[in-house]
**Q** 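Below is a structure I'd like to ask you about.
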Amino acid sequence: GTKSTTPTVTQQQSAVPSRRKGTVNNCSSEDRKIVILGTGRSGSTTILRLVNSLPNVTLSGEHFGALKDLRSFHTKLRRSRGMRGPAWVGAQRPPPSFACWVRSFYANDAGFKEIRYNDRESLDFLTFVFPRAKFVLNYRESIEDQLRSRRQAKGFVSARKDALEAETKALLDFHDYSRHRNRTFLLPLERFSLSTFDALFRFLGFPHCRTLKIPHLNPKGSYGGSPDDLRGRGLVECTTTTP
């Protein structure tokens, strides 16, 4: 089967925005993003490929953790505003529209995936900028297997075991925080299955879509996959009406 190209009422009411252009002054409807957070060599590219197979959904890929720089910018502006003395006269404060301005960079995407936001400060900043986003938290239950995969990947900076454990814990703590439980979906690599991705689709607001195949992207330390998997052929099937 092929995925439907006709939006349904359920799709229009889902957590995913349309791809209309957003503006800084009016972006309240553009912040219902899907954010995939991985820990590196944990299957996040496979999740990205499957989510991008949903109707009218286009998530962008990694951006080298660029939002960390904007977080630092925001934090330093707030800090300088609180300083006293002649050296700090007229220090700028972050404008109320700062979060909306950051969201405007993603106005034409339904969200993104990144592997560089696995610390409390970055996660808090993401919830500040994307207050209505849904987060897919991807990691590996076997840290040893993950470290081995990182060593195999060309050009991938391998982490120490304790650092990778801390990254994973940050994602799990983020999920356990009561305010986030209905906005986060845990998806470790070891739990990848057709039924698990179907559950993910329901969480994202696509109960009428089911997984036909799980692609194997970036296998054995590579950055790629089969042509069909890379194009997303035959991965997801969606009905035109909800069950």
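For the single chain, residues carry numbers from 1 onward in sequence order.
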**Q** Verify the distance criterion only: is there a donor paired with an acceptor across the side chains of S195 and S193 at less than 3.5 Å?
**A**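 Judged by distance alone, the side chains do pair up.
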**Q** If only atom types and distance count, is the side chain of Q146 paired as donor or acceptor with the main-chain N or O of T39 below 3.5 Å?
**A**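 Yes, Q146 side chain to T39 backbone: donor-acceptor pair under 3.5 Å.
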**Q** Could you go step by step and tell me if E144 and K161 meet the salt bridge (Lys or Arg N to Asp or Glu O under 4.0 Å) rule?
**A** CA-CA 8 Å; E144 294 295 341; K161 182 178 180 180; 3.1 Å; yes
**Q** Is there a donor-acceptor pair under 3.5 Å between the side chain of E190 and the backbone N or O of S142?
**A**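 A pair under 3.5 Å: yes.
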**Q** Spell out, as yes or no, whether a donor-acceptor pair under 3.5 Å connects the side chain of R140 to the backbone of R41.
**A**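 Pair found, side chain donor or acceptor close to backbone of R41.
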**Q** Looking only at heavy atoms, which two atoms of E167 and N118 are closest? And how far apart?
**A**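 Between these two residues, the closest heavy atoms are OE1-ND2, 3.3 Å.
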**Q** Under 6.0 Å between ring centres: does that hold for Y117 and H63?
**A**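 Ring centres of H63 and Y117 closer than 6.0 Å.
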**Q** Checking the side chain of T75 only, and the main-chain atoms of R71 only, is there a donor and an acceptor separated by less than 3.5 Å?
**A**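 Answer holds: yes.
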**Q** Of all heavy-atom pairs between A110 and V57, which one has the smallest distance, and what is that distance?
**A**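 So the two residues come closest at CB-CG1, 4.1 Å.
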**Q** Are L186 and L172 packed together at the side-chain level, in the sense that at least one heavy-atom pair is separated by less than 4.5 angstrom?
**A**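 Yes, close enough: below the 4.5 Å cut-off.
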**Q** Is S72 close to K76 at the side-chain level, that is, under 4.5 Å between some pair of heavy atoms?
**A**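 Yes, at least one pair of side-chain atoms sits under 4.5 Å.
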**Q** Classify the angle between the aromatic ring planes of Y106 and F112 as parallel (below 30°), tilted (30 to 60°) or perpendicular (above 60°).
**A**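 Rings of Y106 and F112: tilted, 30 to 60°.
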**Q** Any link between F201 and L194 through a network of hydrophobic side chains (Ile, Leu, Val, Met, Phe, Trp, Tyr) touching at under 4.5 Å?
**A**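 Same cluster: F201 reaches L194 through Ile, Leu, Val, Met, Phe, Trp or Tyr contacts under 4.5 Å.
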**Q** Kindly indicate whether a cation-pi arrangement holds for K134 with F203, taking the cut-offs as under 6.0 Å to the six-membered ring centre and within 45° of the axis.
**A**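 Yes - K134 lies over the ring of F203, closer than 6.0 Å to its centre and within 45° of its axis.
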**Q** Testing N52, N138, T45 for side-chain hydrogen bond (donor to acceptor under 3.5 Å, both in side chains) with K113, which one passes?
**A**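 Option passing the side-chain hydrogen bond (donor to acceptor under 3.5 Å, both in side chains) with K113: T45.
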**Q** Among side-chain atoms of D198 and T211, is any donor-acceptor pair under 3.5 angstrom?
**A**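 Yes.
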**Q** For atom CZ of R120, decide whether the heavy atoms of other residues, nucleotides or ligands shown that lie under 6.0 angstrom number more than 12.
**A**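 It does not: R120 CZ has 12 such atoms or fewer within range.
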**Q** Between F98 and H74, what is the ring plane arrangement, given parallel below 30°, perpendicular above 60°, and tilted in between?
**A**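 The rings of F98 and H74 sit tilted, inter-plane angle from 30° to 60°.
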**Q** Side chain of S53, backbone of L235: donor and acceptor closer than 3.5 Å?
**A**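 It does not hold such a pair.
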**Q** Indicate the ring-plane relationship of F128 and F125, choosing parallel, tilted or perpendicular according to the 30° and 60° boundaries.
**A**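 It falls in the tilted class, 30° to 60°.
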**Q** May I ask you to decide if the ring planes of F192 and F197 are parallel, tilted or perpendicular, using 30° and 60° as cut-offs?
**A**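 The rings of F192 and F197 stand perpendicular, inter-plane angle above 60°.
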